[in-house]
Every structure is written in structure tokens, then in C-alpha cells.
Number of protein chains: 2
Amino acid sequence: MKRVRINTMEELSVAIGVSRPTLSRYFNDPKSVRPSTAEKIRLGLQQVDYIPNFFATRMNRESTGIVGVIIPYLHDLFFASLLEAIEKIGLQHDFTILTQSSHGDPRLEARAVERFISMNADAIVISPLGMDSDVAALELAASKLPVVFIDSNLPEHLPNVDFVGTDNRQSINIIVDYLCRTGTAPIFFSMPRLNSNSQEREAAYVERMQWHGLEPQVLIHEKLPERWSERWSFESYAYQLMDEYFSRGRYTQDTLLCVNDLLAIGVLRAATRHHLIIKPSAGAAGIRVAGHGGYPLSDYMTPSLTTVAQDVNALAGAAINMVIERVRGAGSSLPSRQLFEASLKIQESA
Amino acid sequence: MKRVRINTMEELSVAIGVSRPTLSRYFNDPKSVRPSTAEKIRLGLQQVDYIPNFFATRMNRESTGIVGVIIPYLHDLFFASLLEAIEKIGLQHDFTILTQSSHGDPRLEARAVERFISMNADAIVISPLGMDSDVAALELAASKLPVVFIDSNLPEHLPNVDFVGTDNRQSINIIVDYLCRTGTAPIFFSMPRLNSNSQEREAAYVERMQWHGLEPQVLIHEKLPERWSERWSFESYAYQLMDEYFSRGRYTQDTLLCVNDLLAIGVLRAATRHHLIIKPSAGAAGIRVAGHGGYPLSDYMTPSLTTVAQDVNALAGAAINMVIERVRGAGSSLPSRQLFEASLKIQESA
DNA sequence: TTGTATTTTTTACATGCGTAAATAAAGGAG
DNA sequence: CTCCTTTATTTACGCATGTAAAAAATACAA
């Protein structure tokens with residue numbers, strides 16, 4: 001900790017003996033002032049405690065360097081790892097990453113969007129809630145600054161919005177193919193009123209099953225919890241539902257392909273509680289469970305979860321690259337849509 | 001979405017027909033203008049798209065309403081749930097919660113602290129990295145605004161910093177007592193160079209074991225991963241270490257009390273991979289595993305994890321209350337230190 | 001040495017809004 | 001209807017910095 005407490009650049013300028021604008025230029029690019037001046041400032045800064053005001057530095061500036069990130073839910077490790085990847089890559093590009101969680105609530109999502117607009121953020125990277133998102137707020141945002149959807153999309157595709165996500169058709173195909181090849185045909189387990197991914201994956205599942213000449217079977221309950229937060233508690237939802245089914249002896253010898261890993265974790269837990277035989281050897285009867293997403297803790301489940309892993313780093317990198325392109329570029333290019341392949345992760349559960 | 005695009009309050013004032021300062025007062029408190037004027041403004045706002053500039057509104061204001069939250073690590077669900085609790089409670093008190101993750105890196109932590117100083121945040125709520133934290137940066141922060149440590153503390157207690165945490169002595173006592181009562185005495189499994197909690201818990205463990213007249217036994221490896229991010233990957237660290245031990249037949253019939261739940265999850269996974277008998281019935285030989293923290297997914301492990309659950313909501317609520325007190329109050333009161341009890345959560349693993 | 005071209009630095013204004021002080025309007029009593 | 005009190009609105013200034021334009025300093029050649 002240094003000695004003198006300096007609060008404004010004005011104070012600093014008299015303390016060091018250069019004009020305030022010169023300091024301003026130095027902070028934005030030390031090479032934009034004469035080397036002797038830069039050295040003088042550098043030495044002066046070592047004697048004092050000075051931190052430029054965040055708001056003032058961003059008030060009258062063409063680019064704030066802020067990238068706002070909005071995710072639906074913090075306690076889903078998929079989003080946590082996605083966010084970490086975005087933060088790390090964004091940091092490398094000298095962006096200031098600010099994050100808001102919508103807590104599964106569309107009103108909070110809309111508020112977060114407005115907050116980033118009000119900050120003149122360079123761009124917004126958002127994993128939208130989906131069905132329930134406030135489309136008007138997102139449209140307003142897209143009309144004012146670059147918006148990149150990541151991982152999930154809105155039902156009605158917005159113009160002027162870029163998209164980075166996983167190729168659900170590819171990912172579902174490889175997991176369906178694997179499951180069909182190694183045992184009974186999978187039943188697709190989903191949740192209603194989610195985002196674009198759940199719909200896309202279900203459609204891809206149905207299509208691929210028909211391609212195999214098999215009858216698609218979708219397990220989905222229309223009844224949803226009332227509260228937003230519970231609506232996104234996949235694992236507990238799946239556990240409760242399957243616990244009931246298993247008690248009645250249903251689905252105990254089937255292969256369940258879950259729309260995401262958290263659902264699969266809930267299913268797994270229900271299955272182990274009911275002492276069901278998981279991933280039976282050839283010929284024997286038992287249940288198999290597969291997920292989708294590549295949840296960070298899937299390796300630590302017992303049995304470890306067979307899934308298709310999304311490439312979080314690729315998604316994050318692509319999103320930041322799109323932001324850079326929009327910020328640098330003329331901004332008149334068409335909205336881009338970038339899909340990444342997922343990789344099959346065969347473990348113990350299927 | 002509305003019609004007219006309005007960018008500044010100035011534009012809005014001519015559009016509605018009241019002066020700009022009147023609008024400013026209306027936004028800060030609609031009741032501070034005449035009802036007829038308020039109604040006029042309200043109607044006018046429905047015709048336009050206007051979002052006040054975030055920076056400008058916080059520039060020349062006594063209180064910014066911003067509470068900065070800094071957590072070490074996003075992909076630890078304990079911190080994720082802590083953060084969610086803080087955000088929700090903070091929101092109820094009309095604070096603007098901004099979050100930064102230090103990604104386990106003390107330089108990023110220091111940068112986050114400086115960022116919130118530069119924003120004139122009303123307060124900082126931080127779960128410090130601990131040993132590796134930049135003390136100077138935190139001291140500087142504490143000299144400028146209220147700082148509340150949550151969950152973990154620094155080795156050297158800073159003056160002027162409030163603390164909200166779990167009563168480690170109480171939590172360790174109840175889990176040690178339970179384990180001693182129901183089977184072999186626990187071995188304490190920890191990681192070196194963590195935060196204050198690991199030291200406190202170890203000390204509490206040693207003390208309680210001696211109180212029971214038992215020999216304390218601590219399992220700890222001094223070798224740590226080089227990279228910050230890996231240093232905080234508890235589950236993989238624990239898995240690798242215990243996998244090796246189990247291969248050599250060590251600890252396969254002991255009771256392991258882990259300093260946190262993620263370590264326990266790693267241990268559990270190693271144990272199930274080695275087909276060890278977990279939580280043996282009375283008399284039989286086998287391993288028991290207990291954690292500490294109340295990790296959200298501990299119910300979904302197989303076997304489900306026996307642990308002591310920290311009260312995340314209580315911690316978050318107390319932290320926000322301290323912030324409110326510091327902001328409202330004269331601010332001259334002594335630093336407070338508030339500890340919460342944890343509750344024993346007996347499940348399948350011990 | 002002087003004049004010109006090329007940096008650097010400074011002066012002056014801008015950013016969008018909060019807020020104290022000054023002014024105007026409304027309300028009520030006589 | 002007039003005057004005074006109370007409340008509401010406006011004028012004027014401030015916040016901490018960025019940045020274009022003007023002024024000064026430097027560099028270099030003749």
C-alpha cells in the first residue's frame with residue numbers, strides 16, 4: 001500500500017506536475033506521451049494510491065470495453081463453466097466482463113439486458129431463458145448494440161442477433177446411434193417449456209429414431225413447478241418423477257436419453273435408490289441412462305454419466321470473436337450462426 | 001417495444017414537457033413531484049424507449065447502491081449458491097449487485113477489489129482466497145468502503161472488516177461426534193494452503209479428537225498443482241490422491257472426514273471405483289466418507305454424502321444486513337463477527 | 001540562427017445526470 | 001382579490017474523466 005491518497009486525476013496531475021489530459025492519454029496508452037513524460041508519470045504513480053473512476057472513464061468514450069454476459073442460472077455447472085470460459089477469454093482481449101444472472105426469471109433477464117444497454121456495453125452475450133424471455137427487451141437491445149445468443153436461442157429467431165451453439169442434430173445423432181448400437185432403443189426424457197435446445201434435441205431424436213426405423217418415444221410431463229427457481233431445478237424434478245415411475249415398476253429396464261445432464265443425474269439417483277441394474281451386460285435386463293451437455297461433475301457420479309460433451313471453450317471463444325468482429329467491423333454484415341460439434345463421452349451409465 | 005427512441009434525459013424532458021431536473025427527481029422518487037406531474041411523466045414514458053445512463057446516474061451521487069461481490073470460484077456449487085443467495089437478498093434491498101470471480105487468482109481478486117473501489121460501491125462482500133490474497137488491496141478497500149468477508153477470512157485478521165461465516169468448531173464437533181459414535185474414529189483429509197476455514201477446521205478436529213481421548217490423524221499432501229485453476233479443483237485432486245492410496249490398500253477401511261464436500265466427492269468416486277464397501281453395517285469392515293459444507297448436489301451422489309450443511313441463506317442475509325448497517329449507520333462501530341451453526345446431514349456415505 | 005514540420009501539451013468543451021439554491025406556482029386565509 | 005406560506009420547478013453548478021482544437025515545445029534542415 002502506498003502513501004498519498006489521491007482521489008481524482010486532477011489531484012494527481014498537480015502531484016506529478018503534468019496536465020490532467022496528459023495523464024488521461026497516458027492511462028489510455030502510455031506510448032502516446034513522450035517517453036520522458038511517461039517515465040515521470042510512472043514514477044509518480046508509485047508514490048500514490050490512485051484508481052481512476054470507473055464511471056467517469058466510460059462516460060464520454062466511444063467504446064466502453066464492457067461485455068455484458070447474462071446467464072439463466074448460476075447453480076447449473078454447465079452455465080458456470082460457460083461463464084468462466086467467457087470471462088477468461090474476454091479478459092485476454094481486454095474486455096471488462098460484467099455478469100448478471102436472471103435466476104430463471106424473465107423479468108430479471110429483461111432488467112439485466114436494460115442494465116447493459118444503460119452502460120453502453122460494447123455487446124451482450126446472453127444465454128436466453130427461451131420460451132419465457134422478454135422478446136421486446138431483447139429486440140431493443142439488438143437495435144442498440146451487438147447481441148450474441150450463446151447455447152440457447154429464442155423460439156422466434158430475432159434478426160440482427162448472432163448465435164453460437166451446439167449442433168444438436170449432430171450431438172443427438174451420435175448418442176442415439178451409440179445407444180441403439182449397444183442396447184435397447186432410447187426413450188427421450190425432456191421437460192416442457194424450456195428453451196430452443198430441448199425442442200431441437202427432441203426433434204433430432206425423433207428424426208434419428210425414424211432413420212433407424214425405430215419408434216420414437218418421448219417422456220415429458222406437462223405439469224411444471226410454479227416458481228421460476230424450481231422450474232430450473234432439473235435434477236430434483238427428474239428425481240421425483242422417476243422415483244414415482246420406478247416405484248410402479250415403469251421404465252426400470254429401458255434406456256433413457258435425457259435432454260440435459262442434470263435431468264440425467266436426477267434419473268440416475270432415482271435408479272440407484274431403487275437398486276436398479278444400470279448398464280446391464282449384454283442380454284441381461286436393466287436400465288441405461290444417458291445425458292446431454294458434458295456436465296463437469298458427470299465423471300463423479302456413480303455410475304459415471306455417459307453423455308455428449310459440448311465444447312464450452314469453443315462456444316465461449318466463438319462468442320467473444322463475434323463480439324470483436326461486431327465491435328471492430330462496420331457492423332453491417334448479416335447475423336452469423338455458428339454451431340459446434342459435441343463429442344461422445346462413454347462412461348458407466350450407458 | 002415503444003416508438004420514439006430517446007437517449008438522454010434532456011431529450012426526454014422536451015418530449016414530455018417538464019424540465020430535466022424534475023425528471024431526475026421523479027426517477028429517484030416519483031412521490032417527490034406533484035401527482036399531476038408524475039402522471040404526466042408516467043404517460044409520457046409509455047410513449048418512448050428511454051433507459052437512464054447507468055454511469056451518469058452514479059457519478060455525482062452520495063450512494064451508488066452498488067454492492068460488489070467477489071467469489072473465488074464459479075464452478076464450486078457452494079459459491080454459486082452463496083452468490084445466488086446474496087443476489088436475491090441484495091435485490092430485495094434495492095442494491096445493484098455486481099459480481100466478479102477471481103478464478104482462484106489473487107491478481108484477479110485484487111483487480112476486482114480495485115474495480116469496485118473505482119465504482120464507489122457502497123460495500124464489498126468478498127469470500128477471499130485466503131493465504132494468497134493481496135492483503136494490501138484489501139486493506140486499501142477497507143479504508144475506503146465497508147468490506148465484509150463471507151465464508152472465509154484472511155490468516156491475519158484485518159481491522160475494519162466485518163466477518164460472516166460458519167462456526168467451524170461447532171460444525172466439526174457435531175460431525176466428529178457423530179462419526180465417533182457410529183464407527184471408527186475419523187481421519188481428517190485436507191488440502192494445504194487454502195483459506196482460514198481449512199486451518200480452523202483442522203484445529204477444531206484435533207481438539208475434538210483429543211476431547212474424545214482419541215488420537216487425531218490428519219491426511220494432507222504438501223504438493224499442490226502449479227496453476228491457480230487446478231489448485232481449486234478439489235474433486236479431481238482428491239480423486240487422484242485417494243485412487244493411488246486405495247490401489248495400495250490404504251485407508252480402505254477408515255473413516256475420512258474431508259475439509260469440504262468437493263474433496264469428499266472425489267474420495268467417494270475413488271472409493272466406488274475401487275469397489276470399497278461404503279458405510280458398512282456394525283461390525284463389518286469398510287470405508288466411511290463425510291464432507292463439510294452442504295454441497296447442493298451431495299444428495300445426488302451415490303452413496304449420498306453425509307455432511308454438515310452450512311446455512312447459505314443465513315450467511316448471505318447477515319452479510320447484506322452488515323452492509324446495510326454500515327451504509328446507514330455512522331460507520332464508527334467496531335468490526336463485527338457473526339458465526340452461524342451448521343446442521344448435521346446424515347446420508348448414506350457415513 | 002531561424003523557420004518550418006512534427007510532436008506534446010494544454011485549453012476548452014463534452015458526457016448525462018444529481019442536487020443545492022433560486023424562482024415560480026399553487027393554496028389558503030383574510 | 002391580495003398577500004403570505006408552502007410546495008414544485010427551474011437555473012446553475014458539479015461529478016471525474018475523454019477528446020477535439022489550439023497553443024506550445026521540440027526536432028531538424030537550411
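These numbers come from a predicted model, not from an experiment.
Take the nearest nucleotide of DNA chain D for A:Arg34 and for A:Glu10: the residue whose nucleotide is more 5' is A:Glu10.
Distance, A:Leu23 CG to D:dG18 C1': 13 Å, rounded to whole Å. One can place CG of A:Leu12 at 13 Å from C1' of D:dA16, the figure rounded to the nearest angstrom. Computed from coordinates, the B:Ile6 CD1 to C:dC17 P distance equals 11 Å when rounded to whole Å. Across the protein-nucleic acid pair, B:Glu11 atom CD and C:dT15 atom C1' stand 13 Å apart, rounded to whole Å. For the pair A:Asp29 CG and C:dT7 P, the computed distance is 15 Å after rounding to whole Å. Regarding A:Met59, its CE atom lies at a distance of 13 Å from the C1' atom of C:dC13, rounded to whole Å. Spacing between atom NZ of A:Lys40 and atom P of C:dT9 amounts to 9 Å, rounded to whole angstrom units. The nearest whole Å value for the distance from the CZ atom in B:Arg58 to the C1' atom in D:dT17 is 18 Å.
Here B:Met9 lies in heavy-atom contact (under 4.0 Å) with sugar-phosphate atoms only. At the heavy-atom level, B:Thr22 lies under 4.0 Å from base atoms of the strands shown. Contacts of A:Thr8 with the nucleic acid, taken as non-hydrogen atoms under 4.0 Å apart, involve only primed sugar atoms and P, OP1 or OP2.
Residues B:Asp122 and B:Glu62 are not in side-chain contact: their nearest non-hydrogen atoms beyond the backbone lie 4.5 Å or more apart.
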Between the protein and nucleotides 19-22 of chain D, list every N/O to N/O distance that falls short of 3.5 Å.
from   : atom 1 : to      : atom 2 : distance (Å)
D:dT19 : OP1    : A:Glu62 : OE1    : 2.5

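Between A:Tyr50 and D:dT17, a side-chain N or O to OP1/OP2 separation shorter than 4.0 Å is present.
Counting only N and O atoms by type, the side chains of B:Ser101 and A:Glu84 include no donor and acceptor under 3.5 Å apart.
A salt bridge does not link A:Asp162 with A:Arg337: every distance from a Lys NZ or Arg NE/NH1/NH2 to an Asp or Glu carboxylate oxygen is 4.0 Å or more.
Taking the side chain of A:Ser19 as heavy atoms from C-beta on, and the options D:dG18, C:dT10, C:dC17, the nearest nucleotide is C:dT10.
In terms of heavy-atom proximity, B:Ile150 sits nearest to B:Ala319 at CD1-CB, 3.8 Å. In terms of heavy-atom proximity, A:Val135 sits nearest to A:Leu158 at CG1-CD2, 3.9 Å.
A:Phe55 does not carry A:Arg58 over the face of its six-membered ring by the limits of under 6.0 Å from the centre and within 45° of the normal.
Other residues, nucleotides and ligands contribute at most 12 non-hydrogen atoms within 6.0 Å of the CZ atom of A:Arg111.
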